[in-house]
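Contents: one structure, followed by commentary.
Here is the naming used below: chain letters follow the sequence lines, and residue numbers restart at 1 for every chain. Values below: every heavy atom of this structure, side chains too, minus hydrogens, waters and symmetry copies. Keep in mind that what you see is a predicted model, and the values were worked out from it rather than measured.
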Amino acid sequence: MQYSKTGLVSLVILRMAIGWHFFYEGMVKILNPAWTSKAYLLDSGGIFKSLFEWMATNSKVLLFTDFLNEWGLALIGFSLLTGWFTKFSSISGMLLLLFYYLSHPAFPGIEYLFPSDGSYFIINKTLVELFALFVIYSFPTSHIVGIERLVVKRKTQSQ
Amino acid sequence: MSDNNQKPKKGISRRDVLAGLASLPLLGALGYGLYLNSQDRKKYSADILHNIKPVIPKGIPPLVEGPELRLGLVGTGGRGRYIMKALGFVNPARIDEWNSNAATDKYWEEYLKEFRNQENLNVKITAVCDVFDNNAESGMAAGANIHRNGTNGNMGDAPKRFLTYQELCASPDVDAVIIATPDHLHVPVVLEAARHGKHVYCEKPLSWTVPETFEVRKVVKDTGIVFQLGHQGRQTESYQVARSLIEQDVIGKISLIEVCTNRNDPNGAWVYDIDPAASEQTIDWKQFIGPAPWHDFSLERFFRWRCWWDYSTGLSGDLFTHEYDALNQILDLGIPHSAMASGGIYFYKDGRTVPDVLNMAFEYPDKDLTLLYSATLSSEKNRGKSIMAHDAWMELDETLTVYPDRSSTRYRDQIKQGIIEPGKPLFSYIPGQDRIDAITTPTEKYFAGRGLLYTYRDGKAVDTTNLHLREWLNCIRLNNGAQPSCDIDQAFEEAITAHMGTISYHEGRRTYWDKEKEEIV
């Protein structure tokens with residue numbers, strides 16, 4: 001895929017920004033042994049409310065959810081930042097964000113204990129980040145700026 | 001694009017390496033960010049909880065082994081029914097109701113499951129006594145339901161119904177007596193049971209009048225029975241944690257304690273339903289009156305006895321005592337030096353004689369603190385127990401949260417360094433968890449402040465009344481002179497404090513406790 005210079009720069013910035021965000025969120029959680037998604041899950045709303053509450057109240061499921069969330073965030077973030085397996089990680093990131101959104105959908109009439117940082121109607125920042133990852137998925141840049149470039153080079157060399 | 005011009009034969013160029021590893025500086029920056037974050041966290045947890053080692057209750061104490069204890073229940077109305085449930089005995093008709101609710105409602109499904117899983121306390125109900133036939137019959141049905149079944153299930157032997165508490169207390173088939181009568185009958189039944197050598201679990205408050213408070217203390221001590229007053233709050237985990245935190249001077253010098261009752265509904269204000277089956281034929285009215293001044297038969301007075309001084313101890317004895325006993329347990333308050341009460345019948349003008357709004361101030365000059373109580377007919381302002389001190393204040397309910405004070409001496413340096421934010425929760429204790437948590441992130445602060453984390457409990461939800469009865473039964477089985485946590489001395493302090501408030505309200509003056517003479521003046 002051919003990109004203009006600004007097109008490439010903007011795509012790489014977007015990819016790295018999302019990677020930065022994911023990686024930091026994940027690592028902060030990993031480094032804090034007391035961190036748990038319990039409160040967030042208990043504050044869920046919308047049609048999947050009871051599913052998320054079940055996840056929060058079942059200690060084994062919660063442990064698994066916490067683990068998956070922490071390491072998922074960190075690895076997806078690392079992948080996007082460094083440009084390595086970005087197709088897979090952008091899809092995984094979208095899935096993770098979809099879960100966040102389904103647990104806290106920005107629908108009118110649903111109130112959360114934790115106040116929102118803005119005013120949203122259906123579209124909120126989680127969803128915007130999800131769509132941004134869709135852009136990252138559709139317009140890959142890791143083979144130009146990222147570890148994948150080196151991998152591709154090595155492969156071409158060995159052929 | 002520039003990379004399209006790369007020639008494979010040249011191998012990996014410098015340009016490739018730069019583009020391939022472009023994110024390295026970002027990773028470095030993130031690493032630094034994470035280092036700062038973890039340093040902060042270390043600083044927080046090390047500094048906030050430094051030297052604070054709360055005593056966390058360790059689960060449910062095991063049942064002491066021994067023979068099956070045979071219990072007699074005096075009073076099988078509302079509270080008596082609840083106590084029987086805590087012991088594992090419920091009328092099969094109620095189980096049928098729970099079963100049908102559980103078919104469509106998850107709450108009831110859990111409720112029923114929890115009841116069925118409740119540990120067997122190795123007791124048998126052998127005797128019941130209630131002046132209202134329906135209550136007595138329902139108590140018998142519950143006592144017979146040893147397998148916790150619905151009406152179609154197998155039942156055990158029904159307990160014997162005694163028409164008077166004197167006969168029940170004299171029965172050789174009764175080892176211990178549980179009292180859930182109106183307030184004015186507590187002491188007469190305790191005395192009767194104690195004189196027959198029966199151990200006693202008595203609902204709060206201990207007494208209805210001041211003189212009988214002294215008499216009951218003497219008789220309970222002289223007979224050496226195991227006595228527990230029914231303040232099940234003694235088993236609340238957060239109170240035990242609070243005690244250990246205060247002992248470690250976490251909140252500093254306490255100057256004011258505020259406790260309260262919110263009860264903006266008829267049930268809360270003691271306007272209970274009147275059973276249509278009740279009549280002069282089904283109620284032994286004379287026995288109900290007991291030591292109270294005579295009054296003609298009245299269904300209102302029978303079912304809503306809490307509204308009349310003739311049978312009740314009012315807000316002070318009935319509801320303030322819960323708050324008082326919690327604090328006496330945490331702070332060893334004892335009997336106050338003085339009490340001043342005011343209030344009135346401001347909302348429920350239904351013929352009641354006890355006030356529906358009450359404010360009381362108790363002074364403890366030897367401890368340099370005031371205990372304030374207020375009862376309102378408004379419920380939306382959540383007012384947990386507030387223990388206000390120089391370094392922090394503690395909010396206490398099922399949960400416990402400590403909020404540092406901006407003028408604190410103890411936390412001055414940490415507030416200066418920004419480690420501790422005044423007014424924001426410093427740490428909290430959540431029942432069922434085995435630790436207290438330093439609250440460090442804004443999200444945690446927010447949730448701790450709202451109590452959301454406590455809506456669901458980890459582990460088993462255990463009924464405090466069950467634990468309180470278990471403690472009493474364990475002491476009986478140990479048979480070594482051990483008394484439960486709310487023993488007759490604690491009960492005496494509870495009753496005298498409540499009476500001081502009530503007398504102050506009646507006489508419109510401040511009452512004092514003469515420590516030497518043991519006298520309210």
- Does atom CZ of A:Phe85 have more than 12 heavy-atom neighbours, drawn from other residues, nucleotides or ligands, at distances under 6.0 Å? no
- Item | Residue A:Lys87 excluded, over 12 heavy atoms near NZ under 6.0 Å | yes
- Of the listed A:Val12, A:Leu31, A:Val28, the one with the largest count of heavy-atom pairs under 4.5 Å with chain B is A:Val28
- Query: Considering residues, nucleotides and ligands other than B:Trp108, do more than 12 of their heavy atoms fall under 6.0 Å from its CH2?
  - Reply: yes
- Query: How about B:Arg406: does its CZ atom have over 12 heavy atoms from other parts shown lying under 6.0 Å from it?
  - Reply: no
- Determine whether more than 12 heavy atoms belonging to other residues, nucleotides or ligands lie under 6.0 Å from atom OH of A:Tyr100. yes
- Item | Side chain / backbone / both / neither for A:Met16 at chain B, heavy atoms under 4.5 Å | side chain
- Message: How long is the straight-line distance from CG of A:Asn32 back to CG of B:Asn37, given to the nearest 0.5 Å?
- Response: 8.0 Å
- Query: What are the two closest heavy atoms between A:Arg149 and B:Ala19, and how far apart are they?
  - Reply: NH1-CB, 3.4 Å
- Message: List the residues meeting side chain to side chain donor-acceptor pair (under 3.5 Å) with A:Ser90, not counting sequence neighbours, and say none if there are none.
- Response: none
- On a heavy-atom basis, the closest approach of B:Ala29 and A:Trp20 is CB-CH2, 3.9 Å
- Message: To the closest 0.5 Å, what do you measure between OG (B:Ser23) and CG (A:Leu80)?
- Response: 10.5 Å
- Task: Answer with side chain, backbone, both or neither: which region of A:Phe23 has an atom nearer than 4.5 Å to a non-hydrogen atom of chain B?
- Result: side chain
- Query: Any side-chain heavy-atom pair from A:Leu150 and B:Leu21 closer than 4.5 angstrom?
  - Reply: yes
- Intermediate values then yes/no, side-chain contact (heavy atoms from CB on, under 4.5 Å), A:Thr82 and B:Leu26: CA-CA 9 Å; A:Thr82 55; B:Leu26 298 184; over 6 Å; no
- Taking side chain to side chain donor-acceptor pair (under 3.5 Å) as the test, write out the residues that go with B:Asp397, two or more places apart. none
- Item | Proximal component of B:Leu24, with respect to chain A [non-hydrogen, under 4.5 Å] | neither
- Note on the structure: Value for OG (B:Ser38) from CE (A:Met27), rounded to nearest 0.5 Å, stands at 9.5 Å
- For A:Tyr137, does the OH atom sit with more than 12 other heavy atoms under 6.0 Å from it, leaving out its own atoms? no
